[in-house]
Amino acid sequence: MNYWLVKSEPDVYGYDQLVAEGRGRWDGVRNYQARNNLRAMKLGDLCFFYHSNIGLAVVAVARVAKEHYPDPTAEKGDWSCVELEPVKPFVRPVTLAEIKAHPDLQQLLLVRNARLSVMPVSSDEFSTILTMGETQL
DNA sequence: GCCAACGTTGGC
DNA sequence: GCCAACGTTGGC
């Protein structure tokens, strides 16, 4: 089992929308590092759902419902997408400020590379953030 | 709305 | 292959 964090602007595609749809295609990634992370996702892997720009917080857990395949929104180039399904909203959103302030989360790519939209999370980091969100799976 | 950080492009 | 210019992302 691997863990991930994916970013989305909530006014473009928020967690509520994923819940409403039941399953969502994670497409539109046009960054090689992020794409390679998408390709490494396995069915059943868990992802934090982070709201960028508005909210600036991890708000929920989602699960990989379908492994990578060619992104149908890409007109050219070698891009991939996956499908995600909602698992559980956080009882309490964990803000970027809290993550930046936590001594055990300094290695998180969310802190170190603000522009990466799909990133791996270690199992320790995953449980730390889940606990901060007062959430159990 | 501004700007820092980062990635990509293209001239040389 | 280097690097300046440019575009985009995302926090503030």
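Treat the numbers as computed from the prediction; the structure is a model and nothing was measured. Here is the naming used below: chain letters follow the sequence lines, and residue numbers restart at 1 for every chain.
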Asker: Once you round it to whole Å, what is the distance between P of dT8(B) and CZ of Arg35(A)?
Answerer: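 The distance from CZ of Arg35(A) to P of dT8(B) comes to 10 Å, rounded to the nearest Å.
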Asker: Given atom CD1 of Ile99(A) and atom P of dG10(C), what is their separation to the nearest angstrom?
Answerer: 15 Å
Asker: For the pair made of CD1 in Ile54(A) and C1' in dG1(B), what is the distance, rounded to whole Å?
Answerer: 15 Å
Asker: State which of dG7(B), dG10(C), dG11(C) makes the closest approach to the side chain of Asn113(A).
Answerer: dG7(B)
Asker: Within the pair Tyr50(A) and dT9(C), is there a side-chain N or O less than 4.0 Å away from OP1 or OP2?
Answerer: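 Checking Tyr50(A) against dT9(C): no side-chain N or O falls below 4.0 Å of OP1 or OP2.
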Asker: Quick check: are there more than 12 heavy atoms from other residues, nucleotides or ligands sitting under 6.0 Å from CD of Gln136(A)?
Answerer: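 Open: at most 12 neighbouring heavy atoms sit under 6.0 Å from CD of Gln136(A).
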Asker: I need the CG-P distance between Leu109(A) and dG11(C), as an integer number of Å.
Answerer: 14 Å
Asker: Choose from dT8(B), dG7(B), dG11(C) the nucleotide whose nearest atom is closest to any side-chain atom of Asn53(A).
Answerer: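 The closest nucleotide is dG11(C).
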Asker: From the set dT8(B), dG7(B), dG11(C), return the single nucleotide nearest to any side-chain atom of Ser52(A).
Answerer: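 Looking only at side-chain atoms, Ser52(A) lies closest to dG11(C).
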Asker: Rounded to the Å, how far apart are Leu56(A) CG and dC12(C) C1'?
Answerer: 9 Å
Asker: From the set dG11(C), dG10(C), dG7(B), return the single nucleotide nearest to any side-chain atom of Leu96(A).
Answerer: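 Closest nucleotide to the Leu96(A) side chain: dG11(C).
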Asker: Give me the ring orientation class for Trp26(A) and Tyr13(A): parallel if the planes are under 30° apart, tilted from 30 to 60°, perpendicular past 60°.
Answerer: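 Taking Tyr13(A) first and then Trp26(A), their aromatic rings stand perpendicular (interplane angle over 60°).
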Asker: When the distance from CD of Gln33(A) to C1' of dA5(B) is rounded to whole Å, what number comes out?
Answerer: 13 Å
Asker: Would you say OH of Tyr32(A) has more than 12 non-hydrogen atoms from neighbouring residues, nucleotides or ligands within 6.0 angstrom?
Answerer: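 No, because the 6.0 Å sphere around OH of Tyr32(A) holds 12 heavy atoms or fewer from other groups.
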Asker: Rounded to the nearest 0.5 Å, what separation is found between the CZ atom of Arg25(A) and the OG1 atom of Thr73(A)?
Answerer: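 Going from CZ on Arg25(A) over to OG1 on Thr73(A), the span is 6.5 Å.
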Asker: Using whole Å, report how far CG of Asn31(A) lies from P of dT9(B).
Answerer: 12 Å
Asker: Can you measure Trp79(A) atom CH2 to dG7(B) atom C1' for me and round it to whole angstrom units?
Answerer: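 Taking atom C1' of dG7(B) as the reference, CH2 of Trp79(A) is at 10 Å.
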